[in-house]
Colleague: 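Shown below is the structure under consideration.
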Amino acid sequence: MEIRETHSFDLTPGEAVRLQEKLRARISFSGDLDEVSLLAGADASYVKGSNEIHAVVVVLRYPDLAAVERASASIETSFPYIPGLLAFREGPALLEAFRNLRSEPEVIFFDGQGVAHPRGLGIASHMGVLLDRPAVGVAKSLLLGTAAEPGAPRGSTSPILRGGETIGMAVRTKERTQPLYVSVGHRIDLVQAVDLVLATSRGYRLPEPTRQAHLYANAVRRERNGKGGQTSLPSGGR
DNA sequence: GCGACAG
DNA sequence: ATCTTGTCGC
């Protein structure tokens, strides 16, 4: 993918916060999506004792979810994990992975929050704005706000509230598992974002784009890491 | 001041 | 995120 815009990621936490406050104004909460034919999932994995970060993007065809393309990038990061500043840790690697991608997915799922963030600019919104592409935040836990437990059936939802405002939706993508927390990233509305997450969740808690990205990110880390990584193979399950 | 806190 | 084997439940 062509990345027309970027900025320095070599910032102090304070400078990063100011940049978030500035970029948040550019988020579009409305959807301009017609028919989705390609969607992507992005994720990153790390090597325990080092600063290595392996970022990947997996593109799937919609609605059959067949794999179309995978791209990755492995770099050194210096920014630590600070709640609220995740994009400054994973962003550089993710953008590099997108540069290595040839497909043009219409929507991208990110691991983490969209606007359900202290400054309204979680990693999904941040990347969405820089890539100027519809983006959805799919998080496994909450960073901001509260949400009642969604009903038991798959597809049940419950709003993520923050001072009376709905900033996202808790979504039950699979029965008897913890809900996912979906929020608008960029150029999409919450209803469509939730619809897409549910439409791409097939038998697992994580929607396929995110799940495939997770698996690929771990695979990339392992092959680029002959020793320090995990040696056992997934035990499987069917 | 204290606790919470995406990945 | 990462470290880890078996184990309980669907």
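In what follows, every chain begins at residue 1, and chains take the letters A, B, ... in the order their sequences are listed.
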Colleague: Pull out every protein N or O sitting under 3.5 Å from an N or O of nucleotides 4-7 of chain B, one pair per line with the distance.
Modeller:
residue, atom, partner, partner atom, Å
B/dA6, OP2, A/Tyr81, OH, 2.7
B/dA6, N7, A/Gly84, N, 2.9
B/dA6, N6, A/Gly84, O, 3.0
B/dA6, N6, A/Leu85, N, 3.2
B/dA6, N6, A/Leu86, N, 3.1
B/dA6, N6, A/His117, NE2, 3.4
B/dA6, N1, A/Ile123, N, 3.1
B/dA6, N3, A/Gln113, N, 3.0
B/dG7, OP1, A/Lys140, N, 2.7
B/dG7, OP1, A/Lys140, NZ, 3.3
B/dG7, OP2, A/Ser141, OG, 3.1

Colleague: Between A/Arg205 (CZ) and C/dC10 (P), how many Å, whole number?
Modeller: 18 Å

Colleague: Phosphate oxygens OP1/OP2 of C/dA1: is one of them under 4.0 Å from a side-chain N or O of A/Asn218?
Modeller: no

Colleague: Tell me, do A/Arg89 and A/Ile82 make a side-chain contact under 4.5 Å, heavy atoms counted?
Modeller: no

Colleague: Please determine if A/Glu96 and A/Arg99 form a salt bridge, counting it only when a charged side-chain N lies under 4.0 Å from a carboxylate O.
Modeller: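 A salt bridge links A/Glu96 with A/Arg99.
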
Colleague: Expressed as a whole number of angstroms, how long is the span from A/Glu52:CD to C/dA1:C1'?
Modeller: 14 Å

Colleague: Here's a test of your reading of the structure: between A/Arg176 and A/Ser45, which maps to the more 5' nucleotide of DNA chain C?
Modeller: A/Ser45

Colleague: Should the pair A/Glu52-A/Arg221 be classified as a salt bridge under the 4.0 Å nitrogen-to-oxygen rule?
Modeller: no

Colleague: Any ion pair linking A/Arg4 and A/Asp132 (charged N to carboxylate O, less than 4.0 Å)?
Modeller: no

Colleague: For A/Arg222 and C/dC3, give me the distance from atom CZ to atom C1', rounded to whole Å.
Modeller: 15 Å

Colleague: With a 4.0 Å cut-off on N to O distance, would you call A/Glu5 and A/Arg26 a salt bridge?
Modeller: yes

Colleague: Taking the ring centre of each residue, are A/His7 and A/His126 less than 6.0 Å apart?
Modeller: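 So the answer is yes for these two rings.
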
